[in-house]
Number of protein chains: 2
Amino acid sequence: MIKPRSRRGGGRPTISDVARKAGVGAITVSRALREPERVSQDLRRQIQAAVDELGYVPDPNARALASARAEVFGVLVPSLTNNVFAEVVRGIYDSLSDSPFRIQLGNTHYSGLEEERLLQVFGSQRPAALIVAGIDQTPASRKLLENAGCPVVQVMETGPDPVDMMVGFSHLDGGRTATEHLIEMGYRRIGFIGARMDPRSQRRLAGYRIAMEKAGLFDPRLITTTPVPSSVSLGRELFRDALAKVPTLDGVFCNNDDIALGVLFECHRAAIDVPKTIGIVGFNDLDMMQVAFPSITSIRTYRYEIGRRAVAMALAAIAGDRPQERVVDLGFELKRRESTAR
Amino acid sequence: MIKPRSRRGGGRPTISDVARKAGVGAITVSRALREPERVSQDLRRQIQAAVDELGYVPDPNARALASARAEVFGVLVPSLTNNVFAEVVRGIYDSLSDSPFRIQLGNTHYSGLEEERLLQVFGSQRPAALIVAGIDQTPASRKLLENAGCPVVQVMETGPDPVDMMVGFSHLDGGRTATEHLIEMGYRRIGFIGARMDPRSQRRLAGYRIAMEKAGLFDPRLITTTPVPSSVSLGRELFRDALAKVPTLDGVFCNNDDIALGVLFECHRAAIDVPKTIGIVGFNDLDMMQVAFPSITSIRTYRYEIGRRAVAMALAAIAGDRPQERVVDLGFELKRRESTAR
DNA sequence: GCGCGGGATGGTAGCGCTACCAACAAAGCC
DNA sequence: GGCTTTGTTGGTAGCGCTACCATCCCGCGC
């Protein structure tokens, strides 16, 4: 009647194999692995020896099922290739690499619907925490996050109404600061060039507009945007469009650094002097901005740090002490460089 | 004695809730969800209605435990921010987005030890397939892959001895082709500039060496490398080192496009004419290579396609028909541009 | 000497699902 | 008409682990 052992399990050692070998109960092995301080030294050593000898690795699925909690962080970003999110994700990975937590990474492709679907999938695993990019979730997504039963951190931006916690900075302020810098440096016909135009880009544009209006320089024809995903080559094209539209253009605030680089290259190609004829400001301050010739002024953002902080906050919440400040603004910094040094 | 329902599970509906509501057995619900064609139309409809009404989502952990197989693809890459791997990962995600498979992404940080550790963790979940970057696994990692009990695809490179399947191209041939192009264009004192110098970079260097030796141009002083992670700014620095070492340098083959871009910017800054005084070749052909001024010659590689193909092969193997060609070489293409057009 | 608190250990009963096999009805065969 | 065959459905028994509670033992106070 009694089968010798797992007919399905492919013969990997289980917790009871370890228990038998160590001469203890299965539950003691479980404890020794999860809360060693609750097991006596002697047993702990015996159990460790048995674990090593058998090469036992706990089955995370069984663990999750029994404890109704998976040791998984769900992470949702709109793009995997955009360096900005890659940095955030890297921060998350680095912060979690010594923890028992695994990471489930989802790509929403900047789509609210995909985000909902992934949230559904991720939620079904009872994750330990959820980290999502952005603050513009659909109502359905928001509900899913609220009912996830775990800490939730919205990253990249700050806003007034966190689902749970937030780490980021103000894109509007970033856009305004960049634009004000151009104005301050004496540029007047300052264009905004933006690709993708996701919600964060929209807010940068809003910041641009505020600064321009305040200075009495706003003109809708100065704005050139497209929903097409951002790239260096697209930056070049958009700049040509912008220049064709407004030949008197004397500065551009770019949605991001890829676009800015494309603008710079086109200036080289068309023999337009930077910064004398055209001033350029980027956004994010990728490494290449300071190496470019001329080096490009940009808004430095702390992507890696956002990832790290998000994990730290989630971990604290899991441990029971939710940080009292639920919205953390990591700010940004204007890096003044040659591209605007008139 | 009998508790009403799950005291632990947080009250989410289970398969038996659905079964009760639909008036069928739990196993029939399970089948209706996984192999609908084995359940009659009528029941299928009833069950679907119950699922929708209750908002039932199957618990992947319970599923994995019961079936001894998780619907998870394990993916191991050495870096998350390197655009090259990000593209591969994007290809994997896109290919899997309509499937029931989830993705478990691990970052090995170019470390064999981390790879082993992650393989251990990933293996404990009984993944449906494993995709790993590179072909230089440690013996322990190789054993783990062989015993994983699932399809394994090594990506980025091809080699003689696949664990199971492979998709990639020859980095050695790529390096040789790039170097031969420079020689053909009349450059003679051609340097190799490389950062990180992971196994793939080493093979590109080997290709460079073969081409240089064949042309009787090889000189070890032409090689400038560092284990430091690659970046545009590093490219600039390495180029200055190379030029200081060999002032007669008239061309460089760069390890990758970031380095090449750094070299180009330094040439601008030092007023070195490209391509007349110095020829530049990159590797991977990122979008910005064709936009740069002058545009940069590079070896185009098919990263996204590698990701897609790897998934397709794994999926085929899961479905039972392993592709007969277990090693797929996607090749590369030399993109001749202004930076070598003497 | 007795009872009692507290730390260490173990047994039992699931977690939610699916593999396996049994049961049964309808259909096809001689 | 009795037989097998085929297709549909359900029951039972786990998968490997942990929550919960029971048990045991030690040392302590009175």
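Letters go in sequence order (proteins before strands), and every chain restarts at 1.
By the 4.0 Å N-to-carboxylate-O rule, A:R308 lies too far from A:E305 to be salt-bridged with it.
Regarding A:Q46, its CD atom lies at a distance of 14 Å from the C1' atom of C:dA8, rounded to whole Å. Rounded to an integer number of Å, the gap from CD of A:E35 to C1' of C:dG10 is 15 Å. The distance from atom CG of B:D17 to atom P of C:dG16 is 9 Å, rounded to the nearest whole Å. One interatomic measurement links the two molecules: CZ of B:R44 to C1' of D:dT8, which rounds to 12 Å at whole-angstrom precision. Per the geometry, CZ belonging to B:R63 stands 19 Å off P belonging to D:dG16, to the nearest Å. Between the CZ atom of B:R20 and the P atom of D:dG10 there is a distance of 14 Å, given to the nearest Å. What separates CZ of A:R69 from P of C:dG16 is a distance of 13 Å, to the nearest Å. Summarising the geometry, the separation between CD on A:Q125 and C1' on C:dC15 is reported as 16 Å, rounded to the nearest angstrom.
Between D:dC17, D:dA19, C:dG16, one nucleotide has an atom nearer to the side chain of A:P58 than all others, and that is D:dC17. Of the candidates C:dA19, D:dT9, C:dC15, C:dA19 carries the atom nearest the B:R34 side chain, counting heavy atoms from C-beta on. Considering only side-chain atoms of A:S40, the nucleotide from C:dG16, C:dT9, D:dC17 that sits closest is C:dT9. Between D:dC17, C:dG16, C:dT18, one nucleotide has an atom nearer to the side chain of B:I27 than all others, and that is C:dT18. Looking at the side chain of A:L65, the nearest of the listed nucleotides D:dT9, D:dG16, C:dG10 is D:dG16. Closest contact between the side chain of A:T28 and the listed nucleotides D:dC15, D:dA19, C:dG10 involves C:dG10.
Nearest-nucleotide mapping onto DNA chain D: of B:L43 and A:N61, the residue sitting toward the 5' end is B:L43. Checking A:A26 against B:V39, the closest nucleotide of DNA chain D that is more toward the 5' end is the one next to B:V39.
When atom types are taken as modelled, the side chain of B:R303 and the backbone of B:F85 share no donor-acceptor pair closer than 3.5 angstrom. Between the A:D17 side chain and the A:T14 main chain, a donor and an acceptor come within less than 3.5 Å of each other.
At a threshold of 4.5 Å between non-hydrogen side-chain atoms, the residues A:V72 and A:F122 do not count as touching.
If you run side chain to side chain donor-acceptor pair (under 3.5 Å) between B:Q137 and each of B:R142, B:K143, B:Q154, only B:Q154 comes through.
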Polar-atom pairs under 3.5 Å, protein N or O versus N or O of nucleotides 21-28 of chain D: list them with distances, or write none.
none

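Counting only N and O atoms by type, the side chains of B:Q46 and B:D42 include no donor and acceptor under 3.5 Å apart. Donor-acceptor pairing under 3.5 Å is lacking for the side chains of B:S67 and B:R63.
In this model, the phosphate group of C:dC17 is not approached by any side-chain N or O of B:S16 to a distance below 4.0 Å at OP1 or OP2. Residue A:S30 places at least one side-chain N or O under 4.0 Å from the OP1 or OP2 atom of D:dT18.
Closest non-hydrogen pair, B:P151 versus B:A314, comes out as CG-O, 4.1 Å.
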